[in-house]
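Here it is: the structure, laid out below.
As a basis for the values below, the full set of heavy atoms in this structure was taken, side chains included, without hydrogen atoms, waters or symmetry mates. A note on names: the letters A, B, ... follow the listed sequences, proteins ahead of strands, and every chain is numbered from 1.
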Number of protein chains: 2
Amino acid sequence: MIPTQMLKGVLDGCILAVIGRRETYGYEIAEMLRGYGFGRIAEGTVYPLLLRLERGGLIEATYRDSAAGPRRKYYRLTAQGQEALRAFWAHYRALSSAAEALWQDTEGKSDEQTH
Amino acid sequence: MIPTQMLKGVLDGCILAVIGRRETYGYEIAEMLRGYGFGRIAEGTVYPLLLRLERGGLIEATYRDSAAGPRRKYYRLTAQGQEALRAFWAHYRALSSAAEALWQDTEGKSDEQTH
DNA sequence: GTGATTATATTGTAATGCAAGGTATTGAAA
DNA sequence: TTTCAATACCTTGCATTACAATATAATCAC
């Protein structure tokens, strides 16, 4: 299980990415994230985050009836949301590169100690 | 600049990694992280985090005089800290893989929309 | 002695994942 | 009919943590 703290500041971008693929709703987004390997993301996490993104103008929603259950709130990216998605991944890349560089050095050091 | 929220839950592991390379102190750790590309990590971030790791038994410290400035507090990993470092990277790998998989799909989708 | 650099530490704030709880719809089992 | 599971949305309050701001102090150049 990925620690909750490690998801902070990453989940919002990932949700933007999921919505960017195609229109979808909260319940399904949680399932998708699980499918991608993020682990079970609580509904108490997903829904507040979606509302935050909606209020921020990054996504917009339409309610639609479902054949099996209550109506769904389908989200799609706004132009602003697409821009935010790009910015998010640029930042993620920066973090990822830094972590990777650090990890390389750490591994080298472990080898020295082991051998 | 990497958003501060994105650093949450990552910084502690990165600091463990830096200390794992060799004994070092707070001020230098902040400089190293900057060198790796994490951006400027504030002192108000580094010192509380070091104290937290120390209290948690993941690192231990020795004060040493410096030739140019006040004394330094040198940290090194404990056995528990080395274990925590391994666990951290395992979790980071999981997050990284999930994000990468999601990003791949997103990129494909962008292509479709573009072409 | 004045400022710059080096160095550690504390306090309070803002952001956010999530547990816990609530509401409501559909369909199958009892 | 009642009950349960699965689906679907939302809110409240808590715990964690990066950081700005601030304080303290030692060394060295001017």
Side-chain angles (χ1 to χ4, degrees), chain A residues 1-16 23-34 38-56 58-59 61-75 84 88 91 94-95 98, chain B residues 1-16 19 23-34 38-56 58-59 61-75 88 91 95 98-99:
Chain A
M1 247 283 293
I2 298 172
T4 84
Q5 290 299 327
M6 210 182 264
L7 292 171
K8 289 199 176 181
V10 179
L11 261 190
D12 54 347
C14 292
I15 285 187
L16 284 180
E23 254 196 19
T24 181
Y25 53 98
Y27 194 86
E28 194 182 42
I29 289 172
E31 285 182 330
M32 282 185 183
L33 290 176
R34 199 152 133 304
F38 287 98
R40 183 180 181 331
I41 306 298
E43 296 176 11
T45 300
V46 175
Y47 291 113
L49 210 161
L50 286 170
L51 289 177
R52 212 155 61 225
L53 292 173
E54 192 180 11
R55 291 200 190 104
L58 304 186
I59 57 179
T62 310
Y63 285 101
R64 297 222 185 89
D65 285 338
S66 164
R71 65 180 186 171
R72 299 166 175 165
K73 193 174 179 182
Y74 283 86
Y75 290 97
F88 167 77
H91 288 141
L95 174 65
Chain B
M1 245 285 291
I2 299 173
T4 86
Q5 290 300 327
M6 210 182 264
L7 292 171
K8 289 201 176 179
V10 179
L11 261 189
D12 54 347
C14 292
I15 285 187
L16 283 180
I19 295 174
E23 256 195 17
T24 180
Y25 53 98
Y27 193 87
E28 194 183 41
I29 289 172
E31 285 183 330
M32 283 185 182
L33 289 176
R34 198 153 137 297
F38 288 96
R40 181 177 183 331
I41 307 297
E43 297 173 11
T45 299
V46 175
Y47 290 112
L49 210 161
L50 286 170
L51 289 177
R52 211 155 62 225
L53 293 174
E54 192 181 8
R55 291 199 189 104
L58 304 186
I59 57 178
T62 310
Y63 284 102
R64 298 224 184 88
D65 285 338
S66 165
R71 66 180 186 169
R72 298 164 176 167
K73 194 174 179 182
Y74 283 86
Y75 291 97
F88 166 77
H91 289 139
L95 174 65

### Message
Base, sugar-phosphate or nothing for B/Leu50? Non-hydrogen atoms, less than 4.0 Å.
### Response
nothing
### Inter-residue atom distance B/Ile29.CD1 - B/Ile15.CD1, 0.5 Å rounding
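Between atom CD1 of B/Ile29 and atom CD1 of B/Ile15 there are 5.5 Å.
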### Query
About how many Å separate CG of B/Leu33 and CD of B/Glu28, when rounded to the nearest 0.5 Å?
10.5 Å
### Query
Which whole-number value in Å describes the distance from B/Ile41 CD1 to D/dT17 P?
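After rounding, the gap between these two atoms is 15 Å.
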### Summary
For residues 44-53 of chain B, the side chain to side chain donor-acceptor pair (under 3.5 Å) pairs (sequence neighbours left out) are none
### Nearest-Å distance for atom pair CG/P, residues B/Leu7 and D/dA20
11 Å
### Query
By side-chain contact (heavy atoms from CB on, under 4.5 Å), which residues pair with B/Ala99, not counting sequence neighbours?
A/Phe38, A/Trp89, A/Tyr92
### Task
Go through the structure and list residues passing salt bridge (charged side-chain N to carboxylate O under 4.0 Å, His left out) with A/Glu23, not counting sequence neighbours.
A/Arg64, A/Arg76
#### Entry: Euclidean distance, atom CD of residue B/Gln5 to atom P of D/dT17 [Å, nearest integer]
12 Å
### Query
Nucleotide by nucleotide, 5' to 3', does protein get under 4.0 Å of the base (B), only the sugar-phosphate (S), or neither (-) in nucleotides 1-9 of chain D, counting heavy atoms?
------BBB
### Message
Run the side-chain contact (heavy atoms from CB on, under 4.5 Å) test against A/Arg34 and tell me which residues pass, sequence neighbours left out.
### Response
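side-chain contact (heavy atoms from CB on, under 4.5 Å) list for A/Arg34, sorted by chain: A/Arg40.
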### Message
What is the distance, to the nearest angstrom, from the NE2 atom on A/His91 to the P atom on D/dA18?
### Response
17 Å
#### Entry: Contacts of A/Ala84 that satisfy side-chain contact (heavy atoms from CB on, under 4.5 Å) - sequence neighbours left out
A/Leu16, A/Leu58
### DNA chain C: 5'-most and 3'-most nucleotides touching chain A, 4.0 angstrom heavy-atom criterion
C/dT16 to C/dG27
### Message
So, using ring-ring contact (aromatic ring centres under 6.0 Å, His included) as the criterion, who are the partners of A/Tyr25 when residues are at least two apart?
### Response
A/Tyr74
#### Entry: Results of salt bridge (charged side-chain N to carboxylate O under 4.0 Å, His left out) for B/Lys73 - residues two or more places apart only
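If we apply the salt bridge (charged side-chain N to carboxylate O under 4.0 Å, His left out) test to B/Lys73, skipping adjacent residues, the hits are B/Glu54.
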### Query
B/Arg40 has an atom CZ; how far is it from atom P of D/dA18, in whole Å?
15 Å
### Query
D/dT17 base to A/Lys8 side chain: any donor-acceptor pair below 3.5 Å?
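It does not, because no donor-acceptor pair links the side chain of A/Lys8 to the base of D/dT17 below 3.5 Å.
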### Between D/dT16 (P) and B/Leu53 (CG): distance, integer Å
14 Å
### Message
Expressed as a whole number of angstroms, how long is the span from B/Leu11:CG to D/dA18:C1'?
### Response
7 Å
